[in-house]
Amino acid sequence: MGEELDARKKKILKAIIKTYMETGEPVGSRTISKYADLNVSSATIRNEMSDLTEMGYILQPHTSAGRIPSDKGYRLYVDELMREKEAEIAELRDLVIEKTDKMDKVLKQVAKDLASDTNYATMISVPQYSGSRIKFIQLSRANENQLVAVVMNDSNAIRNQVIRIDEGMDDQTLLKLNLLLNTNLNGVPIQDINLGMIARLKEQAGIHSGVVAKVLDAVAAMIHVDEDDMEIYTSGATNIFKYPELADKSRASELISAFEEKQQLMDIVKDRMAGDGNTGIQVYIGEELPNASMKDCSVVTATYELGAGLHGTIGIIGPKRMDYENVVESLKKLKTELDKVFDTKT
C-alpha cells in the first residue's frame, strides 16, 4: 500500500479505513489495537498514527483523539485494492480459460460415451452459476461519458457492464462510489439485494444514484440464465432411428430438429434448474415434457454439481420403453465421475 509505508503502517492504515467505513466515527488507537494480527501496544499504534497523520494519510478532526482517512489515505487504499483484484482477475481469467477448455472436452466426451453405452440420444449442459455472493465491484472510467462496471461473484464469475453518464466524473467521486458499493455489497447474496437496499444505496449516492442503479442491474444479470450463454452438447441423435415408434419420418424429423436447434433441450434444462433444490434423478414421460415434439419420448435427467453454486444437467432421451434401471444407474455413476474430474482441489 505504497512504497513509503512499512508493513505495520500499511496494516494500521487499512484497519483505520475499514473501521471508519463500517462506523463513520473517528477511530482511536484502542480500537485498532484489537486487530489480532497487529500484536503491538496502544502506545506504538499512537506513534504510528501520529506518523500517518504527518504523512497526510489520516486526519484528526477537531480535538478528537480519533482519526479519519484523508483523500490521500483513501486513494492509497483503493489503488492497492484495485491492484490486488486486477491481479486476481487476471489469474482467474487464465485459470477459467484452461478449465473451460478442459470442461468442454470432457463434457463432449461424456455425451458421446453415454450415447454409446445406452443406445439413446444424450445431452449435457455446461454448468451455470447460481446462489452466489458478491465478491468485488470495480468502477473505472472508459471515457468522458462511459464507465465500466466489473462485478465478480464468489464463484469468480465476472460480468462487465458499460454505463453511460451524462457528465464527467472525477477520480474522487469514482473512488467514493467504489467504496460505497464494496462496503455495502461485499459478501451479500445476490438474491438478497432487495428494493430497500437499492433505495438506500441510491440515496447515499446522491446525484449519482443512476450510476448505482445501473451497477445493480449488472449484478442482477449474474443470476439471469441467458439462453445465449447456455451451451448444450448432444450426441447419439441418430440412435432414435433404432426405435420404430420414433423412426416415423415426421417424428424423427421433429426430434432431429430439436437436437439441432437445441431450444427445446434448453427448455428441459431450464425446467430442471427451476426445480426447488431437486438434485436427484428426474424422469419426464411423454406429455410431462415441456414441448410437444417430444411427446413420444421419455427423458431422464440428473443434476451434476461442481461446488460453489455451479451445476449443470445431464439428460438421456429415448422411447417410453427405455431401460430406466440402466439409464438411472448410468446417470448416478456419471454424477460421481464428473465430481471427481472437476474437483476444485485438483
Side-chain angles (χ1 to χ4, degrees), residues 1-88 134-141 147 149-150 165 167-188 196-212 215:
M1 197 183 284
E3 292 180 7
E4 59 184 299
L5 296 185
D6 60 30
R8 189 160 65 194
K9 282 187 175 66
K10 290 177 187 177
K11 281 186 179 179
I12 290 172
L13 177 58
K14 186 175 181 180
I16 290 169
I17 292 174
K18 290 189 78 171
T19 304
Y20 182 67
M21 283 163 58
E22 289 167 7
T23 67
E25 299 290 334
V27 183
S29 58
R30 186 174 297 178
T31 303
I32 299 303
S33 67
K34 294 175 183 175
Y35 275 75
D37 60 344
L38 282 174
N39 296 319
V40 293
S41 68
S42 291
T44 301
I45 292 172
R46 281 196 296 273
N47 290 334
E48 295 285 22
M49 288 173 72
S50 179
D51 289 345
L52 287 167
T53 303
E54 287 182 17
M55 296 165 80
Y57 291 106
I58 54 178
L59 305 169
Q60 186 172 14
H62 314 301
T63 56
S64 164
R67 304 294 202 280
I68 66 172
S70 67
D71 288 355
K72 182 179 179 182
Y74 276 133
R75 168 51 59 198
L76 203 56
Y77 173 77
V78 171
D79 285 349
E80 177 75 7
L81 185 67
M82 295 303 183
R83 274 197 298 273
E84 288 174 3
K85 293 301 179 183
E86 282 167 4
E88 186 179 338
I134 295 172
K135 185 174 182 179
F136 181 67
I137 295 174
Q138 178 182 340
L139 285 178
S140 54
R141 190 182 295 101
L147 299 177
V150 178
I165 52 178
E167 56 186 48
M169 186 176 293
D170 60 29
D171 290 345
Q172 200 60 34
T173 303
L174 202 56
L175 166 62
K176 287 177 180 174
L177 283 175
N178 273 313
L179 288 172
L180 172 68
L181 291 164
N182 283 286
T183 303
N184 286 278
L185 297 177
N186 183 265
V188 173
M197 184 182 292
I198 292 170
R200 191 173 69 250
L201 283 172
K202 288 173 71 175
E203 184 181 352
Q204 291 180 50
I207 62 171
H208 301 293
S209 61
V211 173
V212 168
V215 172

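Values below: every heavy atom of this structure, side chains too, minus hydrogens, waters and symmetry copies. Numbering of residues begins at 1 and proceeds along the displayed sequence.
Taking each heavy atom of Ile45 and Ser29 in turn, the nearest pair found is CG2-CB, 3.8 Å. Across Lys9 and Leu52, no two heavy atoms sit closer than the pair O-CD1, 4.1 Å. Shown here for Gly28 and Met49, the closest heavy-atom pair between the two residues is C-CE, 4.3 Å. Residues Leu59 and Pro69 approach most closely at CD1-O, 4.5 Å, considering heavy atoms. Residues Leu180 and Gln204 come closest through the heavy atom pair CD1-OE1, 3.1 Å. Across every non-hydrogen atom of Tyr20 and Glu25, the tightest pair is CD1-O, 3.2 Å.
Rounding to the nearest 0.5 angstrom, the gap separating the CG atom in Asn184 from the CD1 atom in Ile134 is 10.5 Å. Atom CD of residue Gln60 and atom OG1 of residue Thr53 lie 6.5 Å apart, to the nearest 0.5 angstrom. Of the inter-residue distances, the one linking Tyr57 atom OH with Leu13 atom CG reads 8.0 Å to the nearest 0.5 angstrom. Between the CE atom in Met169 and the CD1 atom in Ile207 there is a gap of 8.0 Å [rounded to 0.5 Å]. Between Gln172 atom CD and Leu177 atom CG the span is 11.0 Å, to the nearest 0.5 Å. Separation of atoms NZ (Lys18) and OG1 (Thr183) is listed at 9.5 Å; rounding is to 0.5 Å.
No more than 12 heavy atoms of other residues, nucleotides or ligands lie within 6.0 Å of NZ in Lys202, so this atom counts as exposed by the packing criterion.
Asn47 pairs by the side-chain hydrogen bond (donor to acceptor under 3.5 Å, both in side chains) definition with nothing, not counting sequence neighbours. Applying the salt bridge (charged side-chain N to carboxylate O under 4.0 Å, His left out) criterion to Arg75, with sequence neighbours excluded, gives Asp79. Looking at residues two or more places apart in sequence or on another chain, you find no salt bridge (charged side-chain N to carboxylate O under 4.0 Å, His left out) involving Arg30.
Within the 4.5 Å cutoff, the side chain of Asp171 has heavy atoms near those of the Arg141 side chain. Side-chain atoms of Arg46 and Ser42, non-hydrogen and from C-beta on, do get closer than 4.5 Å to each other. Proximity of Leu185 to Leu201: side-chain heavy atoms (C-beta onward) are separated by under 4.5 Å at one or more points. Counting heavy atoms from C-beta on, the side chains of Leu147 and Leu174 come closer than 4.5 Å. Put simply, the side chain of Thr44 reaches to within 4.5 Å of the side chain of Arg8, judged on heavy atoms.
Ile58 pairs with exactly one of Val27, Ile16, Ile12 by the side-chain contact (heavy atoms from CB on, under 4.5 Å) rule, that one being Ile16.
Counting only distance, with no hydrogens or angles, the side chain of Asn182 and the backbone of Asn178 share a donor-acceptor pair below 3.5 Å.
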